[in-house]
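Just so we're on the same page: letters track the sequence lines, and every chain starts at 1. Atom set for the values below is all heavy atoms of this structure, side chains included, hydrogens, waters and symmetry mates excluded.
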Amino acid sequence: MSGEYVMICVAWPYANGPLHLGHVAGCYLPPDIQARFERALGNRVLMVSGSDEHGTPITVTAEQNGIKPQEVVDEFHAINSQALLDLGCSWEPNVDSRGIEYGGSLFNRTSDPRHKSMVQDNFLKLLDAGLFETKTMEQYFEIHEGGGGRFLPDRYVEGTCPSCSEDGARGDQCDACGATYEATELKNPVSKMNPSAPIEIRNTDHLFYRLDAFQTVLEQHAESQQGHWKSNVRAMTKQWLDMGLRPRAVTRDLSWGIPLPMEGNEWDGKCVYVWFEAVQGYSTCARIWADEYAGPNGHSNGADAWKNWWCISEDGTKPRHLYFLGKDNIPFHTVIWPALIMGLNHAENGKTIDDPVELPGPGDYSLETNVPAMEYLMLSGGQFSKSRKHAVWLPSFLERFDPDTLRYYLGINMPENHDTDFNWPDFVEKINSELIAAYGNFVHRVLTLGARLPSSNTGPFADFDERERTKDTQKKLETLHTSITESLSRHRYKEALRFAMNAAQVGNQLLQAATPWKYLSEADDGSNPHYGAERIGALTDLSFGWRIARFLAITMQPFLPFSSAKLWSSLGQSGDVSHIPWNSAVDWDVPMTWNDAKPEPLFKRLDLEEILASEQSLADTSDVSEQPGHPVKGGKKKKKKPKEDTEMTEAPEGTTYLNFETFMEVDLRVGEILSVEEHPNADRLFVVSIDDGSEDGRTICAGLKEYYSADEMVGKSVVFVANLKPRALRGVSSEGMMLAADDGEGNVRLVTVDGSISTGSQVR
RNA sequence: AACGAGGUGGGGUAGUCUGGAUAUCCCGUCGGGCUCAUAACCCGGAGAUCGAUGGUUCAAAUCCAUCUCUCGUUACCA
């Protein structure tokens, strides 16, 4: 298997914000572990990814901040690529340190002009092969002064619902009554971003990729992958294929993206749809890498070097393609991207839409070998969320912590089969009682014990290098080595790391049984006639500890590159541990070396209290504790008291006084709760009937289910807002709002009236 | 509510697709040992009717049905 071409494709992070730990666990750490492992095996690895820099959300961020989209993506591309390097992800050097023939890596970006022109070329190839069809759609158009304007995506349009006549309905769905409709049915539509601009429906032509033409061949492909795809990948792909594939739009009315390479006014202002463009980054990035690095560095195939990693060879050998991504991205990589790859093969083989599509053959671009997609990493039981500021950001994490601690924690807790949880108590415990107590401590024992032995030129251990005595331990390590290798080959990272940790345990057991320390502190007092032999035995075991430590340095390297390098040098080994062949870990004939420098612990213990006190800014766990009814396994460790929101603390300074008249516009009245019903169509709502002094009474929908039972509420005299504009909530009209106190920590109590007073009385 | 994913000792987790004998491993806990090592290490124990019920089978954590709870997305939270 040595020398195999392995293409590692990493999902392209969206350059609209910094990466957080969820991203790292889901798609950035696993491919790096894999790449490091494959290199150690001697394979030729090309790893590609980069910033996904186009699309409307980036335009919106730019507009909000009054800057250009390019400035937004420049900023986050810089931040994210640096953060990944700081995490030890091997995006540099770009040329494999074993030599250019072994590949390299490139973290590129979709705003690269070379990417743009390659995407446009591919676009034209598919177009010429008849793999696109044109459809005319009706879409809203925002007219600007001076004649220009722009098309608006549905979610940037709002207006009056055609079904219930409520205002504030969204482009294709009404929040009030739940109706869905064509955006063009919306009444009084306005642009959300620019409400004053006139808006009209215009026809717009778009191109659609004929995904349907690939249905059969994709089913074949999926069938052939059943054996090694993970269950989440199988399920997700099956769902798509079972629904039946339909043509999918590849163009958009979009200002920030790759323009269509087509003549004619009707195509002005249109861009390639992001999904179509960004996935092609996997191949364009390989070609750009070859242009920029393989050619100039003398690769035997020059600028065509990328074909080694992308094309099936004449004898039918396929390069191994591994795609690393989160679960939300699965269909793009098992359905859409393969369909595009096969479409390009089809077009380049001179075929058209009229010819049947076939699976790739010699000379064609290869399809994915495996898609080890991850589930999600949660944060203290809740999902990472940029908008709710519920996240631990990678850059700020790395400012405070050793990257290897994160790599260990996420490695041992990787969301391989289901969602897992990040929380500080668990993080601290795993680092202190596993990484440090087992691995760090074992290594430190060996090194400090060694440092106390008399050292010759060859170090303290070489004289006690007697292989026969440690045969059993060697066997155990060899078994572990096989297990680690197998697990990594099957993308079972948690398991692999666990096996590696077992090696440290074996080491600790060996030391415990050998008790070499006895022969350091106690001199031979003559009472034990076997003292000499026992001493040699114990020190022989101890010296084998050096070999175990070396085994650990090599096998931990894919997971924990920084500490492995440190350990490597502490052992007196020369060179870079990441260049050491994988199997050298169980080569018991390597001459023992030594480093005379005082041994230093590999990791520093973490203190939970200290972290919790200072990490509020990194993870505001209070967000979650405020959401009763959302407990999650493993997510309910004790949390710090919720901190005041920054915005809240600043509020007093920014207080503006309210005019009395303005206050009096709010008509507050007393009402008595007559009955409380379950809302027929909403989980969290009560439908409350109130005697407001009028004959008919009124109905109010209230989200109090979490705080009150229906019985508790009936009969209470409450204060409500009487002149709030009525609004339908999930189909039931709500005529006002009851006042309730909310302490922000999950307690909500209704405002009631002291003593009795007639319903309908005004409150002021 | 719709769709998707799950429920395995105190916490986490493997095994489930492809049924098989005492249900894996890590942490915690209890008892003992060690004292070189970062409150670290080693040995041993306790602790699970594998969410519930029913079914298929010689045999069910595993397959089927129903139920239940949870998580996610969307809805909603006046």
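- Position along RNA chain B of the nearest nucleotide to T420(A) versus N508(A) favours T420(A) as the more 5'-ward residue.
- Between I700(A) and L602(A), the one whose closest nucleotide on RNA chain B sits nearer the 5' end is L602(A).
- If you take NZ of K327(A) and C1' of U73(B), they are 10 Å apart, rounded to a whole angstrom.
- Residue contacts for Y376(A): at a heavy-atom cut-off of 4.0 Å it reaches no nucleic acid atom on any strand shown.
- Between F401(A) and F427(A), a ring centre-to-centre spacing shorter than 6.0 Å is recorded.
- In this structure, Q512(A) does not reach the C43(B) phosphate: none of its side-chain N or O atoms is under 4.0 Å from OP1 or OP2.
- Neither OP1 nor OP2 of A14(B) sits under 4.0 Å from any side-chain N or O of R490(A).
- Note: NZ (K430(A)) to P (G28(B)) measures 10 Å, nearest angstrom.
- Look at NZ on K518(A): it is 17 Å from P on C42(B), rounded to the nearest Å.
- Spacing between atom CG of D426(A) and atom C1' of U13(B) amounts to 12 Å, rounded to whole angstrom units.
- Checking the phosphate oxygens (OP1, OP2) of U70(B), no side-chain nitrogen or oxygen of H418(A) falls inside 4.0 Å.
- Proximity of the aromatic rings of Y519(A) and Y531(A) is defined here by a centroid distance below 6.0 angstrom, and this criterion is met.
- The nearest whole Å value for the distance from the CD1 atom in I330(A) to the P atom in G72(B) is 18 Å.
- Here L497(A) lies out of heavy-atom contact (under 4.0 Å) with every strand.
- Checking S563(A) against D404(A) by side-chain atom types alone, a donor-acceptor pair falls below 3.5 Å.
- Note on Q505(A): every side-chain N or O is 4.0 Å or more away from OP1 and OP2 of C25(B).
- For Y439(A) and Y408(A), the ring centers are positioned 6.0 Å apart or more.
- With contacts defined as side-chain heavy-atom distances shorter than 4.5 Å, the pair L29(A)/R407(A) qualifies.
- The base of C25(B) does not come close enough to the side chain of R498(A) for any donor and acceptor atom to sit less than 3.5 Å apart.
- Checking the phosphate oxygens (OP1, OP2) of A40(B), a side-chain nitrogen or oxygen of R605(A) falls inside 4.0 Å.
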